[in-house]
Novice: 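Quick one: the structure is below, questions incoming.
Every chain is numbered from 1, with letters handed out A, B, ... down the list of sequences. Computed from a predicted structure; not experimentally measured.
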2 protein chains.
Amino acid sequence: MGLSYVEENYLKAILKLSGAPEGLVSTNAIAARLSTTAASVTDMLKKLSEKDLIHYTRYKGAALTPEGQRIATGLVRKHRLWEVFLVESLGMTWDEVHDIAEQLEHIQSDRLIESLDAFLGHPKFDPHGDPIPNAEGKYSVRAQVPLSSLTEGQEGTVIGVREDETAFLRHLNEKGLTPGRTVRVLTKDTYDNTLRLLTDGRELNLSGKAAKNIMIKIS
Amino acid sequence: MGLSYVEENYLKAILKLSGAPEGLVSTNAIAARLSTTAASVTDMLKKLSEKDLIHYTRYKGAALTPEGQRIATGLVRKHRLWEVFLVESLGMTWDEVHDIAEQLEHIQSDRLIESLDAFLGHPKFDPHGDPIPNAEGKYSVRAQVPLSSLTEGQEGTVIGVREDETAFLRHLNEKGLTPGRTVRVLTKDTYDNTLRLLTDGRELNLSGKAAKNIMIKIS
DNA sequence: AATAAAATTTAGATTAGTCTAAATATCGAT
DNA sequence: ATCGATATTTAGACTAATCTAAATTTTATT
């Protein structure tokens with residue numbers, strides 16, 4: 001029934017690689033991503049194909065079936081939710097959470113992941129600003145970026161915030177950073193990423209941390 | 001360097017089994033606990049012995065070395081901390097957390113587990129009332145049970161509470177349930193485990209949930 | 001269209017963990 | 001102290017995942 005840790009990693013690799021070039025994913029690309037050999041990949045592709053998780057044709061490449069996609073997307077969901085937990089709840093830093101989430105994403109329990117999601121307030125983005133698929137595997141595909149990723153001079157519209165934590169929302173309300181508002185980045189501190197913003201004719205400062213939680217549609 | 005999932009499970013099994021009868025743990029006992037065969041256990045005992053994690057003599061049995069004990073105790077620590085998280089933070093129930101913690105205990109990251117410990121407020125006991133070893137592997141070995149496990153008519157002394165959450169401590173203070181106090185269970189609701197207690201000559205009610213966090217030395 | 005280079009697959013071996021069945025050791029009872 | 005029952009180990013085989021080296025297919029170039 002359940003897949004092995006290794007099989008799951010292959011599915012996730014294929015999902016990641018099928019993003020950019022569109023079409024079939026090559027054996028070598030998977031081998032490079034998983035730091036393994038092409039021969040090992042070929043073996044596994046046969047196996048996953050046998051289980052109807054990928055479409056595979058010899059010498060051509062592989063693509064996820066709907067079922068393979070569902071599983072791979074579920075892994076991404078778990079990975080990103082755990083990253084949110086590690087950063088927001090446990091106070092760990094960006095750079096140290098990936099490897100841990102890489103392990104946590106293989107924990108098997110639907111109840112767990114839905115409880116975690118609720119505990120975190122159903123976040124839509126992980127600490128890196130990447131979208132978190134919902135339980136049905138749908139991404140928030142709105143074209144948006146965290147305010148923290150804008151550079152000096154860029155302008156955009158506030159779409160929403162990453163979480164529904166009351167204190168944070170109140171804070172933004174006071175600053176006037178509400179959905180629909182247009183903001184322009186005046187300066188960005190190179191050391192701590194503090195932003196000087198212009199919105200509604202007024203200037204204000206915003207910490208880099210807060211800026212990561214505000215999603216912007218670039219205009 | 002790191003041990004495999006399987007090796008870790010063997011060490012934990014040996015730790016658990018060396019509790020009761022004192023002395024060497026038998027091959028069959030381990031096989032029964034891990035739902036495997038005696039032959040498989042023998043193979044693994046040789047391997048763990050090779051790695052100096054257990055002392056093993058053919059036909060006699062096995063016992064953990066100090067290093068094996070350190071690792072096994074670390075697993076117990078992780079298991080119980082995760083159980084606290086699942087119950088207290090995620091609101092999962094008792095019965096569903098064990099299997100999940102069984103997976104989570106194998107996640108490798110010291111930083112993670114220490115952050116989790118801090119996040120939970122350095123709990124000393126898991127939701128079942130079992131003691132959580134600290135980072136150095138020392139248990140709280142006081143002979144104590146959660147107040148929730150007492151039956152009608154039993155009496156004991158409050159030793160302490162499971163967590164250092166301010167609101168909870170204040171609540172107990174108001175009720176007079178402070179360390180050193182003697183309490184007697186008058187009645188225990190069979191449906192929700194609410195307790196009617198007698199302490200310091202006064203009667204009071206306490207929720208089953210709160211009672212699980214109060215540790216008692218039975219007199 | 002032929003051929004060299006690159007990509008991919010196959011063949012065969014290896015390791016970790018497991019199993020069954022057979023062999024051996026220990027223990028308890030008479 | 002021997003014998004039978006029980007516990008344990010050994011022998012040999014299996015699966016999942018991996019590897020290297022050799023064989024094959026695709027591709028890109030002339």
Novice: Judged by atom type as modelled, is there a donor-acceptor pair below 3.5 Å linking the side chain of B:K188 to the main-chain atoms of B:S148?
Specialist: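 Answer holds: yes.
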
Novice: If the cut-off is 4.0 Å, is B:T36 near the phosphate of C:dT18, judged by side-chain N/O to OP1 or OP2?
Specialist: no

Novice: Classify the ring geometry of A:W82 against B:W82: parallel below 30°, tilted from 30° to 60°, perpendicular beyond 60°.
Specialist: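 Rings of A:W82 and B:W82: perpendicular, as their planes differ by over 60°.
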
Novice: Restricting to side chain to side chain contact (heavy atoms under 4.5 Å, CB included), what partner residues turn up for A:Q69, sequence neighbours left out?
Specialist: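 A:Q69 satisfies side chain to side chain contact (heavy atoms under 4.5 Å, CB included) with A:L15, A:L64, A:T73 once adjacent residues are dropped.
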
Novice: For nucleotides 10-12 of chain C, list the nitrogen or oxygen atoms of the protein found under 3.5 Å from its nitrogen or oxygen atoms, one pair per line.
Specialist:
| from | atom 1 | to | atom 2 | distance (Å) |
| --- | --- | --- | --- | --- |
| C:dT10 | OP1 | A:R58 | NE | 3.1 |
| C:dT10 | OP2 | A:K46 | NZ | 2.6 |

Novice: Look at the side-chain N and O atoms of A:N28 and state whether any lies under 4.0 Å from the OP1 or OP2 oxygen of C:dT8.
Specialist: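 Result: yes.
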
Novice: Side-chain atoms of residues 26-37 of chain A: list all donor-acceptor pairs with protein atoms under 3.5 Å, sequence neighbours left out, distances to 0.1 Å.
Specialist:
| from | atom 1 | to | atom 2 | distance (Å) |
| --- | --- | --- | --- | --- |
| A:S26 | OG | A:A29 | N | 3.1 |
| A:T37 | OG1 | A:S40 | N | 3.3 |
| A:T37 | OG1 | A:S40 | OG | 2.9 |

Novice: Apply the test side-chain contact (heavy atoms from CB on, under 4.5 Å) to residues B:V145 and B:F125: give CA-CA distance (whole Å), side-chain angles for both, the deciding distance (0.1 Å), then the verdict.
Specialist: CA-CA 10 Å; B:V145 294; B:F125 300 89; over 6 Å; no

Novice: What nucleotide among C:dC19, D:dT18, D:dT8 has an atom nearest to a side-chain atom of B:T27?
Specialist: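 Of C:dC19, D:dT18, D:dT8, D:dT8 is nearest to the side chain of B:T27.
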
Novice: Among B:K12, B:K78, B:R80, find the residue that satisfies the salt bridge (Lys or Arg N to Asp or Glu O under 4.0 Å) test when tested with B:E105.
Specialist: B:K12

Novice: For B:D110, does the CG atom sit with more than 12 other heavy atoms under 6.0 Å from it, leaving out its own atoms?
Specialist: no

Novice: Return the set of residues passing side chain to side chain contact (heavy atoms under 4.5 Å, CB included) with B:E114 (not counting sequence neighbours), or none when no residue passes.
Specialist: B:R77, B:D117, B:A135

Novice: Can you check the A:L45 CG to C:dT9 C1' distance for me, whole Å?
Specialist: 11 Å

Novice: Take the protein atom CE of B:M44 and the nucleotide atom C1' of D:dT9, then report the distance between them rounded to whole Å.
Specialist: 16 Å

Novice: Take the protein atom CD of B:E50 and the nucleotide atom P of C:dA16, then report the distance between them rounded to whole Å.
Specialist: 12 Å

Novice: What's the closest nucleotide to the side chain of A:S26 if the choices are D:dT8, C:dT8, D:dT27?
Specialist: C:dT8

Novice: With Watson-Crick and G-U wobble geometry limited to distances under 3.5 Å, how should the secondary structure of DNA chain C be encoded in dot-bracket form, using | for bases paired to another strand and [ ] for crossing pairs?
Specialist: ||||||||||||||||||||||||||||||

Novice: Considering all heavy atoms of both residues, which atom of B:L195 and which atom of B:A211 are nearest to each other, and what is their separation?
Specialist: CD1-CB, 3.6 Å

Novice: For DNA chain C, determine which residues of residues 4-12 of chain A have any heavy atom closer than 4.0 angstrom to one of its atoms, and list them numerically.
Specialist: none

